[in-house]
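Notes follow once the structure below has been shown.
Each chain gets a letter, A, B and so on, in the order its sequence line appears, and its residues count up from 1.
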Protein chains: 2
Amino acid sequence: MDGEEATITSDRIAHELADAIHEHRIAPGSKLNEDEVGVIFGVSRTVARAALQSLSHQRLVDLRRNRGAFVAQPSVREAHEVFEARALLEPRTARSAAERMTDDAVLRLRRHLEDEHSALREDRLGRALHLSGLFHIEIARIAEQTTIEEIIKQLVSRSSLIIALYWRRKLAVCESHAHNALISALAQHDGELAEELMKNHLLDLLASLDLSNPVRTPGPLKEALRR
Amino acid sequence: MDGEEATITSDRIAHELADAIHEHRIAPGSKLNEDEVGVIFGVSRTVARAALQSLSHQRLVDLRRNRGAFVAQPSVREAHEVFEARALLEPRTARSAAERMTDDAVLRLRRHLEDEHSALREDRLGRALHLSGLFHIEIARIAEQTTIEEIIKQLVSRSSLIIALYWRRKLAVCESHAHNALISALAQHDGELAEELMKNHLLDLLASLDLSNPVRTPGPLKEALRR
DNA sequence: GCACCCTTTTGTGTATACAATCAGAGGGCG
DNA sequence: CGCCCTCTGATTGTATACACAAAAGGGTGC
């Protein structure tokens, strides 16, 4: 009883692809060929197709009729909108999280932050960014708001694409500080502070992007699927 | 050049089914057989299946492996969460809408409200409720926040299921009043008031539900698809 | 030499066939 | 008489085949 790869469902493939996109191993604009995806995961086009459709519902890929699936390339407009939505949801959610914070949750967040640091030390920037996004999702989870968590999950996911396209400067260090400060506020059940910190953190994140010129990264093929 | 039904895409089917659910023509818990859907719309299971998957991503239907698709039955917990999310998003969005309000938008909203009244007069309660939900979406559209609009669209959609399950008293009249007051505030560009009105409107809506007992409406078959 | 059109090729859209799985009915056993 | 097991019918999961649309490539005419 070794393997657990017996059931390769479309959800699993969607997840796998999503992770690759989040870690910037697949660039925005990349073509995702149905056959290719199917071959990679050892399933037929039917299943691969379902996975791609799933990703398109999450706005991670763009499905163009008779053209195929492409990793989405959010516009500048969309970038602003996504952060606008996050600004409405996340600060108040951080406040809720502060109220519900448990010792266990503090530990989980600290461990998470530690992973982020490790990834950075190993120079796996993509992975670090991915973990950084998961940090926000973890906070929503602590707030015990599954629905809002799902929404934030999607927004963070799209943020990952936005960062891939409009990145300007390394914000890794201040990122960590921001997350660190957040953990402190949460651990002390200081909802007010947590809300404020989250609000500013999101503004910093937005400010670290260059949304002046509409970057075009045609995005080449993808051979980044090493599992 | 009469027909426009040449291309029955899965999106169209998903839309059609979604409308039926929103208007309470299909009850929560109803089984949505792939073959049946396919026959009704004159397509193969492949397309019907894609439509159902799409609806499941919107959380309108519940896809159970090897069991099939069922119209979702949100739990009491989920009901609270959905309205929690709406409370975070919609009031501030109403404020934005007030700032961007145009004469044209006012007209659109008034016409919308009028439709709602017509539906009520014709005793088409389901349709009235559906329109009432669209009203909220229209406000998000006026705020020119496509992303938030999409999120609200989903939340309103799920609210429709929640109302179908946990309805307590007729709130139709106060609904209209609330929407009317909102239009006034928006027309006067009074963001502050619009935000407050929306907040209270959502609280009223939530209060009109009976979320104490976990209703179980097994939901019979569906022959409600008269197009 | 360049541009345009036709052919070829690749890839998606859809239908259908087959395999796997589950719910329910019926019969056998305790 | 009730419980459990098995068999059957129905329905979903997956693969494959074919139809068609769009891109790629080469050839010809200007």
Side-chain angles (χ1 to χ4, degrees), chain A residues 3-17 26-27 29-73 216 218-223 225, chain B residues 3-17 26-27 29-73 216 218-223 225:
Chain A
E4 78 291 329
E5 58 175 324
T7 47
I8 304 263
T9 154
S10 67
D11 281 343
R12 174 147 184 74
I13 295 175
H15 220 97
E16 204 98 31
L17 287 171
I26 309 180
S30 305
K31 173 94 193 277
L32 295 176
N33 189 293
E34 292 184 354
D35 259 321
E36 208 169 335
V37 171
V39 169
I40 289 172
F41 291 96
V43 295
S44 82
R45 263 186 61 215
T46 310
V47 179
R49 187 182 179 78
L52 292 174
Q53 281 186 315
S54 173
L55 289 174
S56 101
H57 287 129
Q58 295 170 50
R59 306 252 178 195
L60 265 184
V61 318
D62 200 16
L63 236 48
R64 301 211 277 263
R65 187 177 174 91
N66 287 322
R67 301 282 301 281
F70 301 81
V71 178
Q73 304 188 85
R216 279 303 136 226
L221 72 167
K222 48 117 206 58
E223 295 302 340
L225 283 175
Chain B
E4 77 291 330
E5 58 174 324
T7 46
I8 303 265
T9 155
S10 67
D11 281 344
R12 174 147 184 73
I13 295 175
H15 223 97
E16 204 98 32
L17 286 171
I26 308 181
S30 305
K31 172 100 194 271
L32 295 176
N33 189 294
E34 292 184 354
D35 257 322
E36 207 169 338
V37 171
V39 169
I40 289 172
F41 291 95
V43 294
S44 82
R45 263 185 59 212
T46 310
V47 179
R49 188 182 178 78
L52 291 174
Q53 281 186 313
S54 174
L55 289 174
S56 100
H57 287 130
Q58 295 169 52
R59 306 252 178 193
L60 264 184
V61 318
D62 200 17
L63 236 48
R64 301 213 276 263
R65 188 177 173 91
N66 286 320
R67 301 285 302 280
F70 300 81
V71 178
Q73 303 189 83
R216 281 300 137 227
L221 72 166
K222 49 115 202 61
E223 294 303 339
L225 283 174

Got a second to check how far [X]'s [atom1] is from [Y]'s [atom2], nearest 0.5 Å?
X: A:Asn33; Y: A:Arg45; atom1: CG; atom2: CZ; answer: 8.5 Å
X: B:Gln58; Y: A:His57; atom1: CD; atom2: NE2; answer: 7.0 Å
X: A:Leu32; Y: A:Ser56; atom1: CG; atom2: OG; answer: 11.5 Å
X: A:Asp62; Y: A:Lys31; atom1: CG; atom2: NZ; answer: 12.5 Å

Can you tell me how far [atom2] of [N] sits from [atom1] of [X], to the nearest Å?
X: A:Asp62; N: C:dT12; atom1: CG; atom2: P; answer: 14 Å
X: B:Glu34; N: C:dT21; atom1: CD; atom2: P; answer: 16 Å
X: A:Arg49; N: D:dT16; atom1: CZ; atom2: P; answer: 16 Å
X: A:Arg12; N: D:dG13; atom1: CZ; atom2: P; answer: 19 Å
X: B:Asp11; N: C:dT14; atom1: CG; atom2: P; answer: 10 Å
X: A:Lys31; N: D:dA23; atom1: NZ; atom2: C1'; answer: 10 Å
X: A:Phe70; N: D:dA22; atom1: CZ; atom2: C1'; answer: 11 Å
X: A:Asn33; N: D:dA22; atom1: CG; atom2: P; answer: 17 Å

### Message
Both A:Thr46 and A:Asp35 contact DNA chain C. Taking the nearest nucleotide for each, which residue is further toward the 5' end?
### Response
A:Asp35
## Note on the structure
On DNA chain D, more 5' by nearest nucleotide between A:Arg67 and A:Val47 is A:Val47
### Message
Once you apply a heavy-atom cut-off of 4.0 Å, does B:Arg45 come out as touching a base, just sugar-phosphate, or nothing?
### Response
base
### Selected nucleotide, minimal atom distance to B:Asn66 side chain, candidates D:dT14, D:dT11, C:dC22
C:dC22
### Message
Using the side-chain heavy atoms of B:Ser44, tell me which of these nucleotides is nearest: C:dT14, D:dG13, D:dA15.
### Response
C:dT14
